[in-house]
Engineer: 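Here it is, the structure in full.
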Amino acid sequence: MSNHAVQAKSYSNKQLRQYTLKMMKKHHLRGSIEIVKNGHVSLGYGYYSKRLKNGNTKLLYPVGSLQKMVTAAIITQLIYQKKFNQNTKISRWYPNLKHANQITVGQLMTHTSGINVIGTESNHGVNFSENGAINWTIAQANARENTGRSKFNYNNANYVLLAGIISKVTGKSYAANVKQRVIRSLKLKQTYIYQQIPRSKTDAISYLYSGGKNYNASTYANRNVVSQLPGAGNLFSTANDYYKIQSGMQNGKILTKKQFHYLGHLSSKVNTYSGGFYLKKNQTLKVAYGNFGDTHFVNWMQLTTDNQNGIVMFLNQTYGSKNHIRAIGYNILKHIKANTFIKG
């Protein structure tokens, strides 16, 4: 056994937090990193700006693609309520969508529908309502060629359409469903659909480290872009609340363990992706990576499937490539528990 592995096992929670802060400072990252070791949770914070620290209760981050797991979990709730099943054709709700009579709910959840909408994270100059965003997505999907069903093609449009199904089946907006089924169920205090963020809170600004300086190229998540991503990018939260959501995926508050297993093993999956996340390393890890178009926000989760060890990383200042940021996270993970995590 290497000396490094021995050190990794011996790190206390306090040392882990100190190491995380050191890594964030060394690599010019700003944000919040939830550190989970043996079920114990602590936070590492980097500065948000000179006026407001990351971790301030007023501060919310875009969840980005990590929201997809929330949307898929609500769909799973509806499946277990026998409203439909993973093989139900989406033409039930979208009769005017091209090929909808051949696309299943499960294929939306595993990005194997063949739908290929370009520009979902570009600003089209419209502040959409939920229904407006869904109608725009349908129009864009109809205007483009299908990439082929049963082939993995990661596309936000799949999850926007799932948000629409949630609304059509329940008779309530997607936002109302998230509030009832996730936020209230878990008693979350720092999680909101973007349009419902109260004035007492503020969404974070993202920055880039460049030219040897922090806090360059400042930019918010654009409200028009957020509005066109219900179910796929309009949720704002914190690393701490998001870990609570992950716990809720198996403790019965959102899903039971059986339902979580169902979510991660949809019959239409063609790789390790199912229901908003990847199951890795013989299904012992759940992994998801997200960012937000034309900003510097990055989100990365890597947790053991029992939620006992891992990190949830919400960054609002980045430096380097996606792989570089993942490598930094992996260095932290190695100190949480040796021989457990992966680089990707």
Side-chain angles (χ1 to χ4, degrees), residues 20-35 43-56 58-68 118-125 154 156 159 190-194 197 201-229 232-243 287-302 311-333 343-344:
T20 300
L21 289 168
K22 179 181 176 181
M23 291 293 289
M24 293 176 78
K25 183 176 181 180
K26 178 181 178 181
H27 295 281
H28 315 291
L29 303 181
R30 298 291 184 267
S32 299
I33 300 179
E34 188 90 349
I35 308 157
L43 280 167
Y45 294 131
Y47 279 92
Y48 164 77
S49 71
K50 294 179 181 178
R51 296 187 301 276
L52 189 66
K53 289 184 178 180
N54 273 312
N56 190 294
K58 294 181 178 180
L59 195 60
L60 307 174
Y61 304 77
V63 172
S65 286
L66 272 64
Q67 180 180 351
K68 291 182 172 73
I118 304 300
T120 59
E121 295 184 41
S122 299
N123 184 3
H124 299 284
Y154 191 96
N156 286 324
Y159 276 75
Q190 293 175 273
T191 301
Y192 300 89
I193 293 294
Y194 177 78
I197 295 175
K201 307 287 184 180
T202 182
D203 56 315
I205 307 172
S206 73
Y207 302 97
L208 193 65
Y209 176 84
S210 62
K213 293 182 179 180
N214 294 309
Y215 307 121
N216 286 313
S218 61
T219 180
Y220 283 98
N222 183 278
R223 73 172 188 171
N224 292 339
V225 177
V226 175
S227 76
Q228 66 199 28
L229 291 169
N234 68 333
L235 188 68
F236 281 62
S237 187
T238 63
N240 184 264
D241 264 17
Y242 193 77
Y243 176 70
V287 181
Y289 184 91
N291 51 28
F292 202 89
D294 298 325
T295 72
H296 314 296
F297 292 109
V298 164
N299 312 83
W300 190 48
M301 170 192 77
Q302 187 170 159
I311 60 173
V312 177
M313 178 187 290
F314 278 25
L315 301 179
N316 68 289
Q317 177 175 289
T318 53
Y319 175 62
S321 68
K322 177 168 70 174
N323 287 337
H324 174 70
I325 293 168
R326 283 174 168 169
I328 296 164
Y330 180 60
N331 279 332
I332 298 169
L333 288 165
K343 292 182 180 179

Engineer: Roughly how far, to the nearest 0.5 Å, is OH of Y209 from CD of Q317?
Structural biologist: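 That separation rounds to 8.5 Å.
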Engineer: What I'd like to find out is whether the side chain of L235 reaches to under 4.5 Å of the side chain of I193, using heavy atoms alone.
Structural biologist: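 Yes, close enough: below the 4.5 Å cut-off.
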Engineer: Going from NZ on K22 to CG on N331, what distance comes out if it is rounded to the nearest 0.5 angstrom?
Structural biologist: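 If we round to the nearest 0.5 Å, K22:NZ and N331:CG are 11.0 Å apart.
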Engineer: Determine the sole option in H296, H27, H28 for which the ring pair (Phe, Tyr, Trp, His ring centres under 6.0 Å) test with Y319 is passed.
Structural biologist: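 With Y319 as partner, H296, H27, H28 yield a single ring pair (Phe, Tyr, Trp, His ring centres under 6.0 Å), made by H28.
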Engineer: Can you tell me how far CG of N234 sits from CZ of F292, rounded to the nearest 0.5 angstrom?
Structural biologist: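 Output value for this atom pair is 8.5 Å.
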Engineer: Given side chain to side chain donor-acceptor pair (under 3.5 Å), test N323 with K343 step by step and report yes or no.
Structural biologist: CA-CA 9 Å; N323 287 337; K343 292 182 180 179; over 6 Å; no
Engineer: Any side-chain heavy atom of W300 within less than 4.5 Å of one from L315?
Structural biologist: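 W300 vs L315: side chains apart.
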Engineer: Would you check if N291 and K322 make a side-chain contact, meaning some heavy-atom pair closer than 4.5 Å?
Structural biologist: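 Not touching, per the 4.5 Å side-chain cut-off.
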Engineer: Can you check whether D294 reaches E121 side chain to side chain, under 4.5 Å on heavy atoms?
Structural biologist: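 With C-beta onward as the side chain, the pair stays apart.
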Engineer: Could you tell me whether R326 sits above the aromatic face of Y289, with NZ or CZ closer than 6.0 angstrom to the six-membered ring centre and within 45 degrees of the axis?
Structural biologist: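 Yes, a cation-pi geometry holds between R326 and Y289.
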Engineer: Is there a side-chain contact between I332 and I33, using heavy atoms and a 4.5 Å cut-off?
Structural biologist: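 Side chain of I332 against side chain of I33, heavy atoms only: contact under 4.5 Å found.
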Engineer: Please report the C-alpha distance between R30 and Y207 in whole Å, then the side-chain angles of each, then the deciding distance to 0.1 Å, and finally whether the side chain to side chain contact (heavy atoms under 4.5 Å, CB included) criterion is met.
Structural biologist: CA-CA 8 Å; R30 298 291 184 267; Y207 302 97; 6.0 Å; no
Engineer: Can you tell which of Y194, F314, Y192 makes a ring pair (Phe, Tyr, Trp, His ring centres under 6.0 Å) with F236?
Structural biologist: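 Considering Y194, F314, Y192, a ring pair (Phe, Tyr, Trp, His ring centres under 6.0 Å) with F236 is found only for Y194.
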Engineer: I need the single residue from S32, S206, S237 that forms a side chain to side chain donor-acceptor pair (under 3.5 Å) with Y61. Which is it?
Structural biologist: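 Among the candidates, only S32 passes.
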Engineer: Between the side chains of Q190 and N240, does any donor sit under 3.5 Å from an acceptor?
Structural biologist: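 N240 and Q190 do not have a side-chain donor-acceptor pair below 3.5 Å.
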Engineer: Considering only heavy atoms from C-beta outward, does the side chain of I311 approach that of L333 to under 4.5 Å?
Structural biologist: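 Side-chain contact under 4.5 Å: yes.
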Engineer: Does K25 reach the side chain of L21, with side-chain heavy atoms less than 4.5 Å apart?
Structural biologist: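 With C-beta onward as the side chain, the pair stays apart.
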Engineer: Could you check whether any side-chain heavy atom of L208 comes within less than 4.5 Å of a side-chain heavy atom of T318, counting everything from C-beta outward?
Structural biologist: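 They are in side-chain contact.
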Engineer: Give, for atom CG of N316 and atom OG of S218, the distance between the pair rounded to the nearest 0.5 Å.
Structural biologist: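 Spacing of CG (N316) from OG (S218) equals 11.0 Å.
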